[in-house]
Amino acid sequence: MGVLSKFPYLRQDFAASVVVFLVAVPLCVGVAVASGVPAELGLVTGIVGGLVTGMMPGSSLQVSGPAAGLTVLVFEAVSEFGVSALGVIVLVAGLLQLAMGFLKVGRWFRAISVSVVEGMLCGIGLVIIAGQIYAAAGLKAPDTGLGKIAGLPGAFADALGSTAALASLAIGAGTIAVVVLWKRMPKKAQAVPGALAAVALATAASLAFGLPVATVEVEGLLGVVQPPGADAFGELASPAIWGTIIAFALIASAESLFSAAAVDRLHDGPRTQYNKEMVAQGAGNTVCGLLGALPMTAVIVRSSANVAAGARTKASRVLHGVWLLLFAAALPAALALIPIPALAGILVHAGWKLIPFRQLVALWHSHKGEALILVVTAVSIVAVNMFEGVLIGLALSVVKTAWEASHVRLEVVDKGAGPVQAYLSGNATFLRLPKILDSLESLPQDRPIELDLSGLHHLDHACRTALESWAERHSAVGTEPVKVTEPVAAGQVTAA
């Protein structure tokens with residue numbers, strides 16, 4: 001009775017923690033394998049997400065761990081710098097997140113264009129799907145995003161000529177089918193998460209039929225935990241590694257804080273404190289870096305499962321970390337039975353869910369410019385890489401905002417006799433200066449002009465200078481000087 005009075009929601013949180021643990025196991029292992037690191041490192045990150053980040057204030061119900069959204073970036077980092085340098089990259093990225101949290105930068109991530117974030121997730125989803133199709137067939141994937149997509153027809157042709165590849169593909173396709181159809185099962189069956197059921201059935205099928213498919217390699221929890229050594233820290237002297245570190249910090253932070261905003265919409269409990277959540281994520285990644293593990297973010301799949309299972313406090317996510325630790329310590333051999341194509345199927349499904357089909361259609365109907373930013377960001381990530389793709393998306397978003405902010409309207413009233421009246425309203429900036437000048441220079445040279453600027457909210461220095469120059473030129477041809485009406489209120493126009 002005493003325990004229940006101290007923790008009134010322990011029963012609900014305990015039940016939710018078991019559900020989140022069952023959801024987390026295949027995802028932790030799958031993300032690790034897809035990232036090119038030992039499977040146990042995914043579990044280590046999940047454990048830290050529960051026991052370290054889970055204990056800290058910020059967002060009480062969202063759950064952290066290795067995320068499919070960082071798979072592409074981690075794989076690129078491991079390919080370029082090696083597994084030994086991963087710990088240093090994650091460690092320094094975590095310290096950057098801590099600094100951003102203490103400097104209260106967390107809330108500014110909410111200002112990032114949703115189209116850029118959706119485009120980032122879309123691009124990541126496409127690369128994950130393309131890459132994991134090769135893994136499902138037991139084939140080596142090309143290094144680049146474009147190469148993965150362009151090589152798919154050839155990969156399918158190769159698979160058709162190989163019994164082992166066809167068996168592997170069948171396991172992957174069957175896994176996807178179980179995950180998709182599991183929601184139609186009776187409620188009692190759905191108590192087991194679809195991803196776990198799919199992996200368990202795929203494992204049972206491969207064992208029962210003796211299928212020639214690759215399985216997860218197991219090294220043991222203590223064997224894979226390797227704190228970064230002096231050589232790894234020496235990599236920090238290379239400028240190339242800093243781009244990866246900044247990408248880890250920014251993308252993990254954006255994904256976590258956008259996940260927090262989504263989770264807040266799922267429950268009526270305390271709202272997320274964004275700067276504290278940034279500190280919690282930074283602390284988790286710092287510990288993951290010290291252990292040589294994968295980076296973490298808040299994960300919407302686990303978080304929504306946590307809320308749906310009835311979690312009421314952070315105890316559920318802490319307990320899920322305890323169950324992951326017990327599983328990794330007591331049953332590591334179970335991982336060696338899991339077919340890799342089954343994990344590839346789980347990640348293909350996760351990648352598909354990252355592609356915002358509905359949002360893209362809605363954006364196209366309401367804001368075509370935002371839809372274009374989403375598509376360009378996604379295509380850039382596939383064609384170049386994730387960090388530069390996101391930068392391209394952000395740059396496009398800034399340009400679009402500046403263009404819209406510089407909206408200006410020129411209305412000309414010509415009654416046939418007397419002066420021609422020109423009314424400028426909106427924001428007159430250098431971005432729209434060519435349009436303004438073209439319109440003014442097309443006015444008749446032999447008529448007096450009255451230019452009314454009272455409708456302007458902003459007039460930058462470039463525009464003011466150009467308007468004065470135009471007025472002087474127009475007045476020099478023998479007509480009356482151009483009459484300029486300044487704003488009614490002195491503070492209405494800001495001259496930049």
To the nearest 0.5 Å, atom CD1 of I89 lies from atom CD1 of I246 at 12.0 Å
Show your reasoning for whether side-chain contact (heavy atoms from CB on, under 4.5 Å) applies to F102 and N275. CA-CA 7 Å; F102 288 128; N275 294 316; over 6 Å; no
Reported OG1-to-CD distance for the pair T297 and Q97, which is rounded to 0.5 angstrom: 9.5 Å
For I241 and F81, run side-chain contact (heavy atoms from CB on, under 4.5 Å): C-alpha distance rounded to whole Å, both residues' side-chain angles, the deciding distance at 0.1 Å, then the answer. CA-CA 8 Å; I241 203 171; F81 304 107; 3.9 Å; yes
Do F248 and W242 have ring centroids that are under 6.0 Å from one another? no
Just wondering, more than 12 heavy atoms not from M55 lying within 6.0 Å of its CE? no
Between the main-chain N or O of G54 and the side-chain N or O of R317, is there a donor-acceptor pair closer than 3.5 Å? yes
May I ask you to decide whether D414 forms a salt bridge with R447, counting only side-chain N to carboxylate O separations under 4.0 Å? yes
Just wondering, are more than 12 heavy atoms of other shown residues or ligands nearer than 6.0 Å to NZ in K368? yes
Begin from the C-alpha positions of K400 and L396 and carry the test side-chain contact (heavy atoms from CB on, under 4.5 Å) through to its verdict. CA-CA 6 Å; K400 176 181 173 291; L396 269 181; over 6 Å; no
Run the side-chain contact (heavy atoms from CB on, under 4.5 Å) test on W352 and I128 for me, step by step, so that the C-alpha distance in whole Å, both residues' side-chain angles and the decisive distance to 0.1 Å come before the verdict. CA-CA 9 Å; W352 182 261; I128 288 174; over 6 Å; no
NZ/K276: more than 12 non-hydrogen atoms of other groups inside 6.0 Å: no
What's the shortest heavy-atom distance between L96 and I245, and which atoms? CD1-CG2, 3.8 Å
